[in-house]
Structures are given as structure tokens and as C-alpha cells.
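Below: one structure, written as C-alpha cells.
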Amino acid sequence: MLQKADSDLGYIQYRLECEIKTNHPDSAVEKNPVTLLKELSAIKSRYQTLYAHFKPIASEQKETKSRIYTTLNKTMAMIQELQKHTDVELSSLTEEEKTVTEQLK
Amino acid sequence: TSELERLCCHVNEKIGNIKKTLSLRKLGQEPTLKTVLNKIGDEIIIVNELLNKLELEIQYQEQTNSSLKELCHSLEEDYKDVEHLN
Amino acid sequence: ALKDDVNILLDKARLESQESIGFIKATKLLMK
């Protein structure tokens, strides 16, 4: 009975769409309501797919940037350590490098 | 019950689509609604173009991701060298 | 509404890209 109801519903939908397409055939300028309805749901699912694709990329990007920042900090600390041990006076950070370090923070 | 619920959702969705399509049935006749229809058509074109841009932007993001990973890797190599020096 | 959502996500993605490019340049400068 359920299967019959399901196929009846499918047939009603099909007949309705045929009627609309017959009354309002798609033209170059205008599309019939059924076509528009289908296109609307198509762009909705396309948006959801793209959004689902974007999210992991954005979080991966954040994670890599924080890893870079941590490693950069460790490296700079280690270089200062080296300076102390070897009494080698490396050139201090230029203004530009200082600004950039601040930016990275 | 879950099977029955799934069936109910399926049937309700079909009934909902039929209701939507029924409401569209007269749409083409009333001129005012015809303009609404055309407006929706234009909007769909605009949104599709935006989605194309978004798709390109996401591809660009993936490239940026791989260069960030390369940078991270070479930085970690540098750190190992400095650590070794130390 | 869908159009606004797409616009918002597009702006967000563009902003993230710009920020990451700046981040890469800054890091490369410090690595020299």
C-alpha cells in the first residue's frame, strides 16, 4: 500500500511538472517555474558542498600557521641562546623585522 | 520505528514537493508573479557566478595551504640545524 | 538569503587568503 502511495505521489508530481512545462515552455529568456525550482535546490546543495569543503581547509590553515609561529619563536630563542654561548653578536632585528614579528603575533 | 520514520519523511517530502509545484501552477499566468519568476531566474544566475568565484577561492586556499606546509617544514629543518649548533 | 550567505563565505575566504599570504611573506623575511 505504501509503495502504491509512493508511486502515485511520484506520478502526481510528474503530471504537474508536465502541465507546467506545457503551459510555460522554457524560452531563451524565461524559464518555467519547475526548472527554476530545480535550479534553486541545485545551487543550495552546491553551496553546502563548497562550505563543507571550505571548513577543513580553513582550520588546517590556522593549525599550520600556529605551528609556524611556534617554531619561529623557538628558533629565535635558540639563536639568542647561541649568541650568549658564543659571544657572537648577530645583527639585531631591523625595524622591518621587528614590525613583522609584531604582525605575526 | 526508524524505518517507518524514514518512510514518513520520504512521503512527507514528496507531498511537500507536490504542494510547492501546485503553488507554482498558476504562477506563469499572473503578470506580477511572472516578474517575480524572472527575478528569481536572474538571482540564480548571480548566485551561480558567486559560487564559481567561491570555488576558485577555495582552490586558491588549497594552494596557500600547501605553501604554508612547505614553509613550516623548512622552518622546522632550520630549527633542527640551530638546535644542533647549540 | 542564500546569496548573502555565499557573499559572506566568499569575503571570509578572501580575507583568510590575504592574511595567509601576508603571514608567509613575514615568515620568509624573518627566516633570512
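We name chains A, B, ... by the order of the sequence lines, and we start the count at 1 in each one.
For the atom pair CD of Glu16(C) and CZ of Phe54(A), the computed distance is 4.5 Å after rounding to the nearest 0.5 Å.
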Check the pair Glu19(C) / Gln61(A) against side chain to side chain contact (heavy atoms under 4.5 Å, CB included), numbers first and verdict last.
CA-CA 11 Å; Glu19(C) 195 196 279; Gln61(A) 205 165 100; over 6 Å; no
Decide side chain to side chain contact (heavy atoms under 4.5 Å, CB included) for Asp5(C) and Tyr51(A); before the verdict, give the C-alpha distance in whole Å, the side-chain angles of both, and the deciding distance to 0.1 Å.
CA-CA 10 Å; Asp5(C) 291 348; Tyr51(A) 183 65; over 6 Å; no
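Contacts between Lys62(A) and chain C at a heavy-atom distance below 4.5 Å involve the side chain alone, from C-beta outward.
Annotation for Phe23(C) and Tyr69(A): closest pair CZ-N, 4.3 Å, computed over non-hydrogen atoms.
Annotation: maximal heavy-atom pairing with chain C below 4.5 Å, among Leu72(A), Thr75(A), Thr64(A), Ile68(A), occurs at Ile68(A).
Shown here is Arg46(A), whose CZ atom has more than 12 heavy atoms of other residues, nucleotides or ligands within 6.0 Å.
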